[in-house]
Amino acid sequence: MKILVCYPMKSLAKTYMPSSAEVLVAETADEFFQFIQLYRPDTAILFSEMFTTPAWEWVPVVKSAMPAQTSMIIVPLYRDEWLIRKVLQEMCCEAIYLLSAQLSQEEIRNQISGILRISDNTAEKETNKERGDGKVFSLMSYGASGVTTFCINFPVLLARQQQDAEILVLDMNAAKPDLSRFFKLQRYQLALYRPDFLDANIAGRRSWKQVCRQSEFAPNLFYAHAANKWRSAEISNMIEVFRKQFDYVYVDWGYCVPETETLYRIMEVSDHNLLFARADPFGIESAREWIRSQRERGATCEVLLSHLDKGQPFRIGEEVSLYGVLPRISESRLWQSQRSSSVLVEELFPPKTYINSLIEIAKAEYSGKSAVLSG
């Protein structure tokens, strides 16, 4: 792979690159443009400090000078990042990777390695195997119905019970990415690889387990920060690829309002759309109405009833499919767990009724049932 780097100091530039990469370094912007014509690189890595003109001037000039198949990676200064991102969006420069300005030298090197897939080729070839058609679950609610708590706990339990299955959990809640905060996924953002999702074939060549954070509780469980303003086509390609590399994909979508084109697309490509609803009259009735409206446009959705008190009766209605029931966890107990970043299913004294409900859902999922009733 021919890599051209634009950086003011040739000796220092290589410290940002993977050790196995062979690079040509241009120490001025003019030299960089000359090397583009002579070298015809496969990848160009640009540090924004090399350009004295505003981003809305140098970004399109660099893009137009690049060969059509050349990928670009921009490493911005802190003051430049937001402007470069805005310019890329307005220009629709979708094939350009933009790193975060808050990365350390080692983190820049690691992310460049990941994008170029040259950090560990052997490991990637061994792990990038198609596993078949994995199941995709989209989890959504009107808010405060336990979606994130479920995503924190259930996949750990499922991974322990099905140790031969590969499980991926995605935080797509752009409004409130609590799952990313809980598991500290800020360095595992799929938005960095957004150019890959323009084409499912390109995305399929990457081993996404190498990109995601592996769980400390189960080696077959992975997490990623995916909260972004994705386009519908990107969602489709992403899910298509993840189906082939994982057995289960759980998407913490978050709020189901307002309804957007991407919400409709994630529901269309998912095997199970689970609407979390609180076990009170307002929550149940709202869930019924929302599911009816989705059914009118041809989408199917199931209810996962949460916050059910012991002995509390509920009526969800025969026209609504009930996927499962989760009991209430006391606010103090839940607050304690979230404050200490403790996974309930791994605690010495977990809330038994809640864990037992998760176990019943996992058993039903393993046996292929479409609905779960647990107390």
Side-chain angles (χ1 to χ4, degrees), residues 1-121 187 189-199 202-203 205-206 211 228 234:
M1 177 182 291
K2 296 186 292 185
I3 302 174
L4 176 60
V5 180
C6 189
Y7 191 76
M9 291 182 64
K10 186 176 298 184
S11 58
L12 187 57
K14 294 184 179 181
T15 64
Y16 289 94
M17 301 298 116
S19 58
S20 60
E22 295 184 5
V23 302
L24 178 65
V25 180
E27 294 183 306
T28 66
D30 290 339
E31 189 178 35
F32 175 74
F33 286 109
Q34 293 174 8
F35 284 172
I36 289 175
Q37 301 301 320
L38 297 173
Y39 195 57
R40 309 293 290 180
D42 300 305
T43 299
I45 302 174
L46 303 90
F47 288 75
S48 67
E49 60 206 81
M50 292 294 295
F51 301 90
T52 56
T53 56
W56 61 81
E57 293 184 9
W58 68 261
V59 170
V61 171
V62 170
K63 178 64 176 174
S64 62
M66 289 290 176
Q69 301 303 319
T70 299
S71 60
M72 288 175 54
I73 301 174
I74 298 178
V75 184
L77 292 174
Y78 185 78
R79 68 171 185 265
D80 298 331
E81 182 182 5
W82 72 272
L83 183 57
I84 295 174
R85 192 177 303 280
K86 185 175 181 180
V87 169
L88 294 179
Q89 290 174 349
E90 293 184 355
M91 289 178 54
C92 295
C93 293
E94 299 169 325
I96 298 178
Y97 300 88
L98 178 63
L99 304 190
S100 168
Q102 300 180 8
L103 303 179
S104 66
Q105 186 181 62
E106 181 180 0
E107 289 170 335
I108 291 174
R109 183 168 58 249
N110 290 339
Q111 289 203 351
I112 291 175
S113 298
I115 292 171
L116 300 181
R117 302 195 299 273
I118 58 177
S119 57
D120 190 351
N121 289 325
R187 294 291 183 264
Q189 297 197 32
L190 294 186
L192 173 63
Y193 302 91
R194 190 166 188 170
D196 291 16
F197 295 120
L198 296 175
D199 188 323
I202 294 175
R205 297 176 195 146
R206 187 181 298 281
V211 173
N228 197 15
E234 294 171 325

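Note: hydrogens, waters and symmetry copies are ignored here, and every other heavy atom, side chains too, is used. Just so it is clear, the model here is predicted, and its values are computed rather than measured. Numbers here simply count residues along the sequence, with the first being 1.
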For the pair Thr70 (side chain) and Met66 (backbone), establish whether a donor and an acceptor sit closer than 3.5 Å, ignoring hydrogens and angles.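 Between the backbone of Met66 and the side chain of Thr70 there is no qualifying donor-acceptor contact (under 3.5 Å).
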* Asked: Given Glu22 and Met17, is the side chain to side chain contact (heavy atoms under 4.5 Å, CB included) satisfied, shown in steps?
  -> CA-CA 9 Å; Glu22 295 184 5; Met17 301 298 116; over 6 Å; no
What are the two closest heavy atoms between [X] and [Y], and how far apart are they?
| X | Y | answer |
| --- | --- | --- |
| Ala95 | Leu198 | N-CD1, 4.4 Å |
| Ser113 | Pro18 | OG-CG, 3.0 Å |
| Leu192 | Leu99 | CD1-CD2, 3.3 Å |
| Ala21 | Ile3 | CB-CD1, 4.0 Å |
| Met50 | Tyr7 | SD-C, 3.4 Å |
| Gln37 | Ala65 | NE2-O, 3.9 Å |

4.5 Å side-chain heavy-atom contact, [X] and [Y]:
| X | Y | result |
| --- | --- | --- |
| Tyr97 | Ile74 | no |
| Trp58 | Ser48 | yes |
| Pro8 | Glu27 | no |
| Gln105 | Leu12 | yes |
| Arg206 | Asp196 | yes |
| Lys2 | Thr43 | no |
| Cys6 | Phe51 | yes |
| Leu46 | Val75 | no |

**Message:** Applying side chain to side chain contact (heavy atoms under 4.5 Å, CB included) to Tyr16 and Ile45, what does each step give before you reach the verdict?
**Reply:** CA-CA 10 Å; Tyr16 289 94; Ile45 302 174; over 6 Å; no
Rounded to the nearest 0.5 Å, what separates atom [atom1] in [X] from atom [atom2] in [Y]?
| X | Y | atom1 | atom2 | result |
| --- | --- | --- | --- | --- |
| Leu190 | Glu234 | CG | CD | 11.5 Å |
| Gln111 | Arg187 | CD | CZ | 7.5 Å |
| Phe47 | Ile108 | CZ | CD1 | 5.5 Å |
| Leu98 | Arg194 | CG | CZ | 11.5 Å |
| Ser100 | Glu107 | OG | CD | 8.5 Å |
| Lys86 | Glu81 | NZ | CD | 14.5 Å |

Candidate list Ile36, Thr28, Asp30, test side chain to side chain contact (heavy atoms under 4.5 Å, CB included), partner Phe32, passing option: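 Exactly one candidate clears the test, Ile36.
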Evaluation steps, side chain to side chain contact (heavy atoms under 4.5 Å, CB included), between Val25 and Phe35 = CA-CA 9 Å; Val25 180; Phe35 284 172; over 6 Å; no
